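Here the structure is a predicted model, which means the values were calculated and not measured. Numbers restart at 1 for each chain; the letters A, B, ... are given by sequence-line order, proteins then strands.
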There are 2 protein chains.
Amino acid sequence: MKTDKMEKLKYGFEEVKDFLIALGDEKRQIIIIALLNDHACKGLRVIDLTDLTELSRPAVSHHLKILKQIGIVDIRREGTKNYYYLSNAASEINKLRNLLDDVMEVMTEKKEEL
Amino acid sequence: MKTDKMEKLKYGFEEVKDFLIALGDEKRQIIIIALLNDHACKGLRVIDLTDLTELSRPAVSHHLKILKQIGIVDIRREGTKNYYYLSNAASEINKLRNLLDDVMEVMTEKKEEL
DNA sequence: TATAATCGTTCAAATTATTAAACCATTAAT
DNA sequence: ATTAATGGTTTAATAATTTGAACGATTATA
């Protein structure tokens, strides 16, 4: 019946999988909020984030790498200093929003079928 | 400055944490899609899901328990048979959508500040 | 009542994720 | 050129998650 719609859902879930995993971690949530709160938009350094997350430098570095891999964070290098900032997050957010919309649609249709 | 808005974000992230973790797992995604696809709305049994997920019965049972704990799945018992179905998922989805909206809003405001 | 069917629970093993210590590379400053 | 500062990488340990085997509880059926 609605196999095409379900296939779309399946693909949609796959597509946002890493984004969901990245967003589900408490420490990464703290990092994301800190980056959102960086109104000066200079970017934050690893050291800035060790305090906020109460994590070691390598651990912060690791989480930033994950956020970079899913494409919502980017780096700007200034000498030996690395400034991390949110980049392209809107695109990932929209993918997830579209998926949630599709899921809601399927659920609404199911209700109407009864 | 916008500390109240950031506090709201922080709370929002916390609130959807378990939902995000639950949704990030591939096997649980398969289960959710299967439940969405259950147009008859009779609910699906553990056995039905072992085939789809290629998981053992206890593993499926475990994932269903997680989905039940975050409040998007419920059980109906019929004799010895347990039928699982989506329940209250819209509520969790809306929480997540609201958070995504808030994040987008903060990002848009940041752009305007420049 | 005895047997079969269904599914949850417990437990231990395997896998994966997270973390920090130690190390390396690069850049800046002296 | 040395030295200091910054931060990424590797490695090893720890923690968490995922998994299936074995078992237990409940319900249906003979």
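Contact annotation for A/Tyr84: backbone-only contact, meaning every heavy-atom pair under 4.0 Å involves sugar-phosphate atoms and none involves a base.
With salt bridges taken as basic N to acidic carboxylate O contacts below 4.0 Å, none links A/Glu78 and A/Lys81. Ion pairing between B/Arg97 and A/Asp101 holds under the 4.0 Å rule for side-chain N and carboxylate O. Ion pairing between a basic and an acidic side chain is recognised when a charged N comes within 4.0 Å of a carboxylate O; B/Glu15 and B/Lys17 show no such pairing. Comment: B/Lys68 does not engage B/Asp74 in a salt bridge, judged by the lack of any side-chain N to carboxylate O separation of less than 4.0 angstrom.
Listed by residue number, A/Leu55, A/Ser56, A/Pro58, A/Ala59 are the residues of residues 50-60 of chain A with a heavy-atom contact under 4.0 Å to DNA chain C. Contacts between residues 61-80 of chain A and DNA chain C, defined by a heavy-atom separation under 4.0 Å, are made by A/His62, A/His63, A/Gly79, A/Thr80.
Under a cut-off of 6.0 angstrom, the local environment of NZ in B/Lys27 is crowded, with over 12 non-hydrogen atoms contributed by other residues, nucleotides or ligands. Surrounding NZ of A/Lys42 are at most 12 heavy atoms belonging to other residues, nucleotides or ligands under 6.0 Å away.
The salt bridge (charged side-chain N to carboxylate O under 4.0 Å, His left out) with B/Glu105 is formed by just one residue from the set B/Lys110, B/Lys8, B/Lys5; it is B/Lys5.
Under a 3.5 Å cut-off, the side chain of B/Asp48 and the backbone N or O of B/Leu44 do not form any donor-acceptor pair. Put simply, the side chain of A/Asn88 never gets that close to the backbone of A/Ser91: no donor and acceptor are under 3.5 Å apart.
Counting heavy atoms from C-beta on, the side chains of A/Tyr84 and A/Arg45 never come closer than 4.5 Å.
Using a 4.0 Å cutoff to heavy atoms of chain B, the contacted part of DNA chain D runs 5' to 3' from D/dT18 to D/dA28.
Atom NZ of A/Lys17 is separated from atom P of C/dT16 by 11 Å (rounded to the nearest Å).
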